Colleague: 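Input: one structure, supplied below.
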Amino acid sequence: MTFLLDGFDSDPGDSGLPSSGAPAVDEALLAGLNPQQREAVLHRGKALLIVAGAGSGKTSVLTRRIASLLQTREAWPSQILAITFTNKAANEMRERVEQLVGGAAEGMWISTFHSACVRILRRQAEAMGLKTAFTIYDSADSRALLKRIIKELEVDTLGLTVPSVAGKISKLKNELSDVDSYARSVNADDPADAAFLEVFRRYTESLRRANALDFDDLIAETVHLFRAFPEVAALYQRRFRHILVDEYQDTNHAQYALIRELTRPVEPQHVPADTRMRLDANGGIPGASLTVVGDSDQSIYAFRGADIRNIVEFERDYPEARVILLEQNYRSTQNILDAANSVIASNFDRQEKNLFTTAGAGDKITGFTGYSAYDEAQFVADEIQKLREAGAAYSDMAVFFRVNSQTRALEDILIRSAIPYRIAGGTKFYERAEIKDAMAYLVQVANPADDLALRRIMNTPKRGIGPATEAALQAHADRLGVPLRETLRDADQLGLGPKVTKAIIDLGTTLDEVEAMVPTAPPADVLTELIVRTGYVDALRATRDPQDEVRAENVEELLSFTKEFARRNPEGRLIDFLTEVALVAAADEIDDASGSVTLMTLHTAKGLEYDTVFLTGIEEDLLPHRMSAGEPGGIAEERRLFYVGITRAKKRLFLSLAMTRAQFGDTAVAMPSRFLQDVPGHLIEWRQSPGQANSRGGTRSRALNAPTRQRFSYSTSLPPAPNREKREWTSAVTGAVRDNGDLTLAPGDRIRHTDFGEGRVVDVTGTAPKAVAEVQFDTAGRKRLLIKIAPIEKL
DNA sequence: TAAACTGGCCTTTTT
DNA sequence: GGCCAGTTTA
């Protein structure tokens, strides 16, 4: 095992690791820091916990801390491991450190938990009985495999559904359980438990045979690797002398254990004789220094195993830990912070913390209640447009929501209003069927053992290899105990029809020949070869379905991604491309220079900031979400989610809700979120409060924050039939669109709009089909409309 | 074997 | 209201 490291197994400078006193750090690195931040940069010792409130400059502190270690030569770059929550955050941190120290940061590991573990596992794959080109299964892949297994075992009758089993397996792996340890704890008499155990066992075996790991395995298997092979662990323990973990409140048990393993002292028997590193009294190497940054008020991932105790109990785990609290906020106005403080204060059992700023009160928070989700979306669109006209950039605005399904109404209205937007995550590019198909081809040639990938592409494009044929091949594979892929060559021995046999042999030959390219060819060439030889894109183009043309273009876009990957990564091989794709997160896709408004879930918003934030759907059953109500701590976590959303805003915050919301096709009455009561009334200016929305501009204005719990009782007076209400609400926006063909408008034209009534065109910009009309409506105000699809007619 | 059709079920959040 | 799975029909 060789590492390309500078100074591996040596201390770079004279200053020993756990030193006391402040290091001689260049003052320029500390410029502009407050005393707490300064201490967080300068403290030296075994363990440091930085409790960083939202917007308290923790990224700045982390980057300067790393820079200071490098600058004083306390550490080589290669001795630093920094863990961030997203790849995007990792890249930004790397850039900022390089700026601070002047480009000498080569060899630093700054990455997510998952990326770091993949790196380790690919190097150490053999020890784990894996091949280095193992496939990483995303959640959809895991679910597809589980579905197959559950069907095979016919255990769906026992209440084992794919999502429930997937969730349970994920939870077990995050607790570092495996099949054997779970088998010991399970009640074998319970048929459902026994069935689950069998599914878990088969799932694990299938992954192993396919030379594949799922997301949770990436962490858990690395921990198992370190525990099973202390000499391997020692390699990394010796290497990483400074470990920094961001968003520590969202680490789960497996991630906690990983950090625990990495910071253990190196046992004397694993210390090389010729080491130049400082040894402890026993002849071992002391454990690495650990810095964690977190804020328990921003813990929002309990559902995926994040354990808030990891941060609460940090001081117990690391008794000599120093704790530094960062409370000064450099992001938001005081009004926004007051709202945030007040919201989070309703969570009991938390460490008291109060954000403050010197930035001044700023604007009040704006509240709005729409009659429907479309109405709410129209409010958002109108405000975005107003801000835009006042000089704000679209890219400085973001719209948050609790669940992805909320995007529908928002998108409809934003499109109709000609406002450019992007959705972070959403229906992800890589989740599209055609992209998964193309990726499955790549995966298959990188990792021929991956049966799941092969099954996906076996009959895509259509080659006449149906389920019966697949079953015959599978049976043959099972008899021989080989991957499905190896049976393709034997197709002529299986007594299948001549046409099918030829199709199978051809596919096998293509895959074999392209596989031979993989070690030397860049990923773009591999993909091109596969597309051309299998005729996948041609087949898409040949169908009558107009959607397929878009799909063909998507595959071509994937091809251009592989080319772009090659530019960034001249030496990158197929497996590196596949790894990168497998580990992209929603937040990684956000392009700050896109000139668009960004739409995302509250979860994706963590760690980001925008001048203007729209928090939509602040309703009961949505925030807090209905599903969270039954879970212990569920409401508290939802409140933290609200808190995270509020604290993303720098200058302007909008809180909006709707009185009715569509679900499963019909409309249900929505009630204002209980969390709105936590926002002091004087901080919000309601453009239309829930009470006003009910009385349709009447005199009865119910202050939302009146000091009674009955304040939302208006909703009980709503008639049960939503359709009738809708007609009464004359100003309710429907979100309707229509195709106006090549309708042209000119200033001065009068039009009628389905939602806004009559108005006069004051301006037209752009050219068809993207022409936009600026319309002054008689009663609904001024709006921008995308002429081609707006529900309008010329009068 | 593939396309067309029908009925059931859903919706948390994500690396 | 839309997606998916299973069934029917060519």
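Letters A, B, ... mirror the listed sequences (proteins, then strands); counts begin at 1. Bear in mind that the values here come from a model prediction, so they are computed numbers and not experimental data.
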Colleague: Check whether any side-chain heavy atom of A/E376 sits under 4.5 Å from a side-chain heavy atom of A/T616, and report yes or no.
Modeller: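 A/E376 vs A/T616: side chains touch.
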
Colleague: Below 3.5 Å between N/O atoms, which protein atoms pair up with nucleotides 6-8 of chain C? Just atom names and distances, please.
Modeller:
residue	atom	partner	partner atom	Å
C/dG6	OP2	A/K151	NZ	3.4

Colleague: Examine the side chains of A/T501 and A/D492 and answer whether a donor and an acceptor come within less than 3.5 Å of each other.
Modeller: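 No - no donor-acceptor pair under 3.5 Å links their side chains.
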
Colleague: What about the rings of A/F226 and A/Y236, do their centers lie closer together than 6.0 Å?
Modeller: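 Close enough - the centres of the two rings lie under 6.0 Å apart.
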
Colleague: So if I apply the ring-ring contact (aromatic ring centres under 6.0 Å, His included) rule between A/F85 and each of A/Y248, A/F113, A/Y301, which one comes out positive?
Modeller: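 Among the candidates, only A/Y301 passes.
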
Colleague: A/L583 or A/K462: which one's nearest nucleotide on DNA chain B is closer to the 5' end?
Modeller: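 Residue closer to the 5' terminus by nearest nucleotide: A/K462.
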
Colleague: What does A/S139 touch in the nucleic acid at a heavy-atom separation under 4.0 angstrom: a base, only the sugar-phosphate, or nothing?
Modeller: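 The answer is base, as A/S139 lies within the cut-off (heavy atoms under 4.0 Å) of a base atom.
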
Colleague: Would you indicate whether the side-chain heavy atoms of A/K436 and A/Y430 approach each other to under 4.5 Å?
Modeller: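 Sidechains of A/K436 and A/Y430: no contact.
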
Colleague: Can you check the A/L608 CG to B/dT13 C1' distance for me, whole Å?
Modeller: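 After rounding, the reported distance stands at 15 Å.
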
Colleague: Which part of the nucleic acid, if any, lies within reach of A/D216 when heavy atoms closer than 4.0 Å are counted: base, sugar-phosphate only, or nothing?
Modeller: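 The residue A/D216 makes no contact with any strand.
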
Colleague: Could you tell me how far apart A/E411 (CD) and C/dG2 (P) are, to the nearest whole angstrom?
Modeller: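 Computing the A/E411:CD to C/dG2:P distance gives 13 Å.
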
Colleague: Could you give the CD1-to-P distance, from A/I169 to B/dT15, as a whole number of Å?
Modeller: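 Distance check: A/I169 CD1 to B/dT15 P gives 20 Å.
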
Colleague: Which is true for A/F113 with a 4.0 Å heavy-atom rule: it touches a base, it touches only sugar-phosphate, or it touches nothing?
Modeller: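 Nothing: the residue A/F113, judged by heavy atoms under 4.0 Å, touches no strand.
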
Colleague: Over all strands shown, is A/R402 touching base, sugar-phosphate only, or nothing at heavy-atom distances under 4.0 angstrom?
Modeller: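 Base, at least one base heavy atom under 4.0 Å.
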
Colleague: Judged by modelled atom types alone, do A/D295 and A/Q249 share a side-chain donor-acceptor pair under 3.5 Å?
Modeller: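 A/Q249 and A/D295 do not have a side-chain donor-acceptor pair below 3.5 Å.
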
Colleague: Whether the side chain of A/S405 and the base of B/dT12 hold a donor-acceptor pair under 3.5 Å is what I'd like checked.
Modeller: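 Checked by distance alone, the answer is no.
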
Colleague: Testing the basics here: between A/T86 and A/T112, what is the closest heavy-atom pair and its distance to 0.1 Å?
Modeller: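 A/T86 and A/T112 have their closest heavy atoms at C-CG2, 3.4 Å.
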
Colleague: For the side chain of A/H114, starting at C-beta, report the closest nucleotide among B/dT15, B/dT12, B/dT14.
Modeller: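 In terms of side-chain proximity for A/H114, the closest of B/dT15, B/dT12, B/dT14 is B/dT15.
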
Colleague: Would you mind telling me which of B/dT14, B/dT11, B/dT15 lies closest to the side-chain atoms of A/F303?
Modeller: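 Looking only at side-chain atoms, A/F303 lies closest to B/dT14.
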
Colleague: Side-chain contact test, heavy atoms from C-beta onward, threshold under 4.5 Å: evaluate it for A/R551 versus A/V537 and give yes or no.
Modeller: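 The answer is no, as the side chains (C-beta and beyond) never meet within the 4.5 Å cut-off.
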
Colleague: Considering residues, nucleotides and ligands other than A/K168, do more than 12 of their heavy atoms fall under 6.0 Å from its NZ?
Modeller: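 Atom NZ in A/K168 is packed in, count exceeds 12.
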
Colleague: Is a donor-acceptor contact shorter than 3.5 angstrom present between the side chain of A/S628 and the base of B/dT12?
Modeller: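 For A/S628, whose side chain was compared with the base of B/dT12, there is no donor-acceptor pair (under 3.5 Å).
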
Colleague: Of A/F215 and A/E631, whose closest DNA chain B nucleotide lies nearer the 5' terminus?
Modeller: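 Closer to the 5' end of DNA chain B: A/E631.
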
Colleague: Check nucleotides 6-8 of chain B against the protein and report each pair of N or O atoms closer than 3.5 Å, with its distance, or say if there are none.
Modeller:
none

Colleague: Take A/S139 and A/S142, measure what side chain to side chain donor-acceptor pair (under 3.5 Å) needs, and give me the verdict at the end.
Modeller: CA-CA 5 Å; A/S139 327; A/S142 298; over 6 Å; no

Colleague: Hey, is A/D412 close enough to A/R408 for a salt bridge, meaning N to O under 4.0 Å?
Modeller: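 Salt bridge flag = no for A/R408 with A/D412.
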
Colleague: Please state how far atom CG in A/L623 lies from atom C1' in B/dT13, giving the value in whole angstrom units.
Modeller: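 Spelled out: CG on A/L623 to C1' on B/dT13 is 11 Å.
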
Colleague: Quick one, A/F401 and A/L599 - any side-chain contact, counting heavy atoms below 4.5 Å?
Modeller: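 A side-chain contact exists here, since the closest heavy-atom pair is under 4.5 Å.
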
Colleague: Would you indicate, yes or no, if B/dT15 has its OP1 or OP2 atom less than 4.0 angstrom from a side-chain nitrogen or oxygen of A/N174?
Modeller: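 No, A/N174 has no side-chain N/O under 4.0 Å of OP1/OP2 on B/dT15.
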
Colleague: Round to the nearest Å and state the distance from A/F401 atom CZ to B/dT14 atom C1'.
Modeller: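 One finds 14 Å between C1' of B/dT14 and CZ of A/F401, rounded.
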
Colleague: For B/dT13, is there a stacking contact with A/Y301, counting only centres under 5.5 Å and planes under 30°?
Modeller: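 One would not call A/Y301 stacked on the B/dT13 base.
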
Colleague: Would you jot down, in residue-number order, the residues of residues 463-473 of chain A having a non-hydrogen atom under 4.0 Å from DNA chain B?
Modeller: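 Result for residues 463-473 of chain A: A/G464, A/G466, A/A468, A/T469, sorted by number.
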
Colleague: Measure the distance from CD on A/Q663 to P on C/dG2 and round it to the nearest whole Å.
Modeller: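 Between P of C/dG2 and CD of A/Q663: 15 Å.
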
Colleague: In this structure, how many angstroms lie between the C1' atom of B/dT15 and the CD1 atom of A/I83, rounded?
Modeller: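 So the two atoms are 13 Å apart, to the nearest Å.
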
Colleague: Checking A/D250 against A/R304 for the salt bridge (Lys or Arg N to Asp or Glu O under 4.0 Å) test, could you report, in this order, the C-alpha distance in whole Å, the side-chain angles of both residues, the deciding distance, and whether it holds?
Modeller: CA-CA 9 Å; A/D250 283 322; A/R304 97 181 176 203; over 6 Å; no

Colleague: In whole angstrom, give me the gap between the P atoms of C/dC4 and B/dT13.
Modeller: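 C/dC4 and B/dT13 have their P atoms separated by 15 Å.
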
Colleague: Closer than 4.0 Å, any side-chain N/O of A/N404 to the OP1 or OP2 of B/dT11?
Modeller: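 The answer is no; no side-chain N or O of A/N404 sits under 4.0 Å from OP1 or OP2.
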
Colleague: Looking for any heavy atom pair under 4.0 Å, which part of the strands does A/Q255 touch: base, sugar-phosphate only, or nothing?
Modeller: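 It contacts nothing in the nucleic acid.
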
Colleague: How many Å lie between CG on A/N459 and C1' on B/dA3, as a whole number?
Modeller: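 Interatomic distance, CG of A/N459 to C1' of B/dA3: 14 Å.
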
